[in-house]
Amino acid sequence: MSNSPTEFIPSQSVILIVDPYSTGCMVAQEISKRGYQIMAIWTKSFSDEMKTHVPVSCKDLTYLAQVQDVEGWNLKDLEKAVKEAAASAAI
């Protein structure tokens, strides 16, 4: 959500992954290995139980933040929550 056309510095940048489950978790891990911070965005219909199903190879993956989409939110509400969670990191 940066308006700057400059390059991202991995350690100062956040990549958003929506529902990082199964393959998405593996993608998040690969992005993390490249030095980027990861933020998980969980959609409304994604259950808490499903969030616990993490591939063994991703057990040590950590997220800068996890944002849960909430019933009644619109895109602006989700954007605000993501920006607050990212703090000063480039998105």
Side-chain angles (χ1 to χ4, degrees):
M1 295 189 206
S2 172
N3 293 328
S4 173
T6 60
E7 284 186 40
F8 286 110
I9 300 168
S11 63
Q12 297 174 2
S13 303
V14 178
I15 304 295
L16 308 177
I17 304 285
V18 177
D19 296 335
Y21 170 77
S22 189
T23 303
C25 192
M26 301 293 287
V27 170
Q29 182 180 36
E30 289 301 315
I31 292 168
S32 179
K33 286 178 182 178
R34 287 161 175 76
Y36 291 91
Q37 299 175 81
I38 305 296
M39 184 183 304
I41 309 298
W42 299 103
T43 55
K44 295 173 193 136
S45 61
F46 210 84
S47 72
D48 288 335
E49 180 182 343
M50 292 296 289
K51 294 175 191 177
T52 65
H53 296 275
V54 177
V56 174
S57 61
C58 295
K59 66 180 173 59
D60 295 327
L61 179 65
T62 58
Y63 300 109
L64 170 69
Q66 297 185 51
V67 175
Q68 176 66 50
D69 191 15
V70 177
E71 193 65 44
W73 272 10
N74 59 32
L75 189 55
K76 287 283 186 194
D77 296 322
L78 183 58
E79 178 183 10
K80 179 181 176 190
V82 166
K83 285 181 176 179
E84 287 174 359
S88 63
I91 300 173

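No experiment lies behind these values; they were computed from the predicted model shown.
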>> Is there a continuous path of hydrophobic side-chain contacts, each under 4.5 Å between heavy atoms, that joins Met50 to Val67?
In response: no
Original post:
Should we say atom CD of Glu30 is surrounded by more than 12 heavy atoms from elsewhere, each under 6.0 Å from it?
Top reply: yes
On a heavy-atom basis, the closest approach of Val54 and Cys25 is CG1-SG, 3.9 Å
d(His53 NE2, Cys58 SG) to nearest 0.5 Å is 14.5 Å
Q: Keeping the roles fixed (side chain from Asp19, backbone from Gly24), state whether a donor-acceptor pair exists under 3.5 Å.
A: no
Review point. Should Ile41 and Val14 be counted in the same cluster of Ile, Leu, Val, Met, Phe, Trp and Tyr side chains packed under 4.5 Å apart?
Key: yes
Nearest heavy-atom approach of Ala85 to Leu64 is O-CD2, 4.2 Å
Handout entry: Electrostatic pair Lys51:Asp48 at N-O distance under 4.0 angstrom
Key = yes
Going hydrophobic residue to hydrophobic residue with side-chain gaps under 4.5 angstrom, can you get from Met26 over to Ile15? no
Margin query: Please check this pair: side chain of Asn74 against backbone of Lys76, looking for a donor-acceptor N/O pair closer than 3.5 Å.
Written below: yes
query = Is a side-chain N or O of Ser32 found less than 3.5 angstrom from the main chain of Ala28, in a donor-acceptor match?
reply = no
Q: Find out if a path of hydrophobic residues (ILVMFWY) with successive side-chain heavy-atom gaps under 4.5 Å connects Ile17 to Tyr63.
A: yes
Shortest non-hydrogen pair, Ala89 vs Gln37, comes out as CB-NE2, 4.1 Å
Check: Taking a hydrophobic cluster as the set of Ile, Leu, Val, Met, Phe, Trp and Tyr residues connected by side-chain heavy atoms closer than 4.5 Å, whether directly or through intermediates, do Leu75 and Trp73 fall within one such cluster?
Finding: no
For Ser57 and Gln29, the nearest pair of non-hydrogen atoms, with its separation, is O-NE2, 2.6 Å
- Would you sort out whether Asp69 and Trp42 count as a side chain to side chain contact (heavy atoms under 4.5 Å, CB included), showing the intermediate values? CA-CA 6 Å; Asp69 191 15; Trp42 299 103; over 6 Å; no
Val82 and Ile91, any side-chain heavy atoms less than 4.5 Å apart: yes
(request) Answer yes or no: are there more than 12 heavy-atom neighbours, outside Lys59 itself, under 6.0 Å from its atom NZ? (result) no
